[in-house]
Amino acid sequence: MARNKQLATATVRTASSFPAAEAVDIAQLVEDLDGMLSRLRLGAIREQLDGLLEEAARRQLNLREALAWLCAAEVASKEQRRLAMAMTIAHFPFVRTLEGFEFDAQPSIDPAKIRDLATCRWVANGDNVVLLGPPGVGKTHLEVALGREAVSRGYTVQFTTAMELLGSLVKGQQQGNLEMRLAQYSKPKLLVVDELGYLPLEPQAGHLFFQLISRRYEQGSVLISSNRPVEEWDEVFGDQVVAAAILDRLLHHSHVVTIRGDSYRLREKRRSGLFRPQAGGSSSSGIGAAAPPTPAKEA
Ligand code: ADP
Ligand code: MG
């Protein structure tokens with residue numbers, strides 16, 4: 001109780017005119033330091049204070065340098081927390097990075113193109129990216145990696161699958177809250193839509209997706225992946241006109257990356273001897289690469 005009163009007195013003094021150093025009870029201020037750091041939300045400085053001060057003394061920093069050193073620790077910690085929170089909000093299904101992507105394993109991808117996309121200029125411009133290719137060639141990996149790059153550059157990102165997104169919009173239409181759901185998916189600067197074309201869609205899904213794409217058009221970016229070439233999207237949406245309207249907006253300012261080649265997962269399995277290469281060689285391209293492999297005979 002008494003301590004709180006003292007702290008309040010010190011604060012009031014600070015708020016008006018701070019008295020000369022001689023008039024201040026420095027010992028009391030030091031005692032209140034933890035509380036003041038909390039109040040100023042300087043949690044990193046509070047938690048690491050002893051270590052930071054020891055390091056400042058060891059390096060013989062002057063007062064201004066020491067203050068900068070403490071502030072840098074707080075800024076770094078806040079940035080780390082912001083990043084962790086934004087990554088959580090983005091809902092990535094797993095952690096994948098561009099450093100972890102083996103470009104040698106997927107020669108149809110131009111590393112320079114992906115590195116250029118990693119600068120996120122396309123996100124700043126509200127452009128779209130379309131990743132096409134058979135299963136297992138790294139589409140989701142690249143979506144997560146590029147999405148993380150966008151988060152680390154301060155953009156809001158949301159990752160979802162085509163099924164989840166379209167299921168939600170269909171539900172919104174049925175429950176009369178479509179508007180709210182469209183607004184929600186229009187908010188992030190980058191919306192990542194994974195796996196379009198894997199599963200059949202509801203008949204009205206194409207129309208709802210068109211509404212979303214129209215809203216986001218030239219406002220926010222869409223990063224979308226599909227195992228089906230865009231020529232087949234009328235089958236995916238079950239409506240030629242709607243598919244053409246979606247593609248018109250999606251592709252207007254866009255980068256299309258077409259990946260050809262073997263599934264990375266199956267390559268790994270083949271290497272470990274779990275599967276035999278398919279007759280006619282292991283290297284095939286296009287969707288045919290997804291054909292079920294032949295299990296290796298038990299040794
Ligand atoms: P897709 O989405 O095209 O079906 P994924 O991105 O899910 O494929 O890839 C399947 C798995 O293989 C993931 O664990 C992914 O990280 C990994 N993978 C795919 N391609 C590569 C690559 N070129 N380098 C490293 N890992 C890869
Ligand atoms: Mg995938």
Side-chain angles (χ1 to χ4, degrees), residues 87 90-118 120 122 128-152 157-168 185 188 190-201 205 209 221-233 235-237 250 254-275 277-278 281-293 295:
M87 291 292 179
H91 268 109
F92 295 117
F94 41 59
V95 175
R96 290 291 185 282
T97 60
L98 287 181
E99 294 75 47
F101 193 81
E102 255 185 80
F103 285 98
D104 290 347
Q106 219 56 261
S108 67
I109 299 178
D110 176 8
K113 174 82 189 165
I114 303 299
R115 267 186 235 115
D116 186 44
L117 292 176
C120 294
W122 59 284
N128 303 316
V129 169
V130 182
L131 293 179
L132 302 169
V137 293
K139 299 185 297 299
T140 307
H141 186 132
L142 289 173
E143 282 174 321
V144 172
L146 291 173
R148 289 174 61 88
E149 290 291 333
V151 169
S152 65
V157 178
Q158 186 180 353
F159 182 103
T160 182
T161 62
M163 281 317 278
E164 185 181 277
L165 166 69
L166 295 171
S168 167
Y185 284 116
L190 170 61
L191 180 68
V192 185
V193 183
D194 193 29
E195 296 195 337
L196 178 76
Y198 278 89
L199 295 166
L201 302 173
F209 192 52
S221 299
V222 177
L223 167 52
I224 187 166
S225 72
S226 179
N227 61 326
R228 310 276 298 267
V230 290
E231 298 78 35
E232 293 178 13
W233 283 21
E235 281 174 39
V236 171
F237 290 110
L250 202 57
S254 71
H255 308 260
V256 179
V257 178
T258 304
I259 313 175
R260 294 180 188 84
D262 283 348
S263 159
Y264 188 87
R265 292 190 197 96
L266 300 186
R267 261 174 58 108
E268 296 284 287
K269 289 213 167 67
R270 280 193 196 106
R271 261 196 220 145
S272 67
L274 201 57
F275 291 115
Q278 288 173 309
S282 64
S283 157
S284 52
S285 66
I287 290 172

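A quick note: this is a predicted structure, and the numbers were derived from the prediction, not measured. The analysis underlying the following values was restricted to heavy atoms, covering all of them including side chains, and did not include hydrogens, waters or symmetry mates. Atoms within a ligand are numbered from 1 in the order they appear, just like the ligands themselves.
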Ranked by distance from atom 12 (O) of ligand 1, the top protein heavy atom is Y264 CD2, 3.4 Å
In this structure, atom 8 (O) of ligand 1 is nearest to the protein heavy atom G138 N, 3.2 Å
Under 2.8 Å from the Mg ion (ligand 2), can any N, O or S atom of S225 be found? no
K139 N/O under 3.5 Å from ligand 1 N/O: yes
Which residue and non-hydrogen atom of the protein lie closest to atom 7 (O) of ligand 1, and at what distance in Å? R265 NH2, 3.2 Å
Please verify whether a non-hydrogen atom of G133 lies at under 4.0 Å from ligand 1. no
If you measure from each non-hydrogen atom of R96 to ligand 1, which part falls under 4.0 Å: side chain, backbone, both or neither? side chain
Please write down residue, atom name and distance for the protein heavy atom closest to atom 15 (C) of ligand 1. H141 ND1, 3.4 Å
Considering only the protein, which heavy-atom contact is closest to atom 24 (N) of ligand 1, and what is its distance? E102 N, 2.8 Å
Provide the number and element of each atom of ligand 1 under 4.0 Å from a heavy atom of P135. 4 (O)
For atom 4 (O) of ligand 1, what is the closest protein heavy atom, and at what distance to 0.1 Å? G136 N, 2.6 Å
Within the 4.0 Å heavy-atom shell around G100, which atoms of ligand 1 are there? 24 (N), 25 (C)
Does the N or O separation between A105 and ligand 1 drop below 3.5 Å for any pair? no
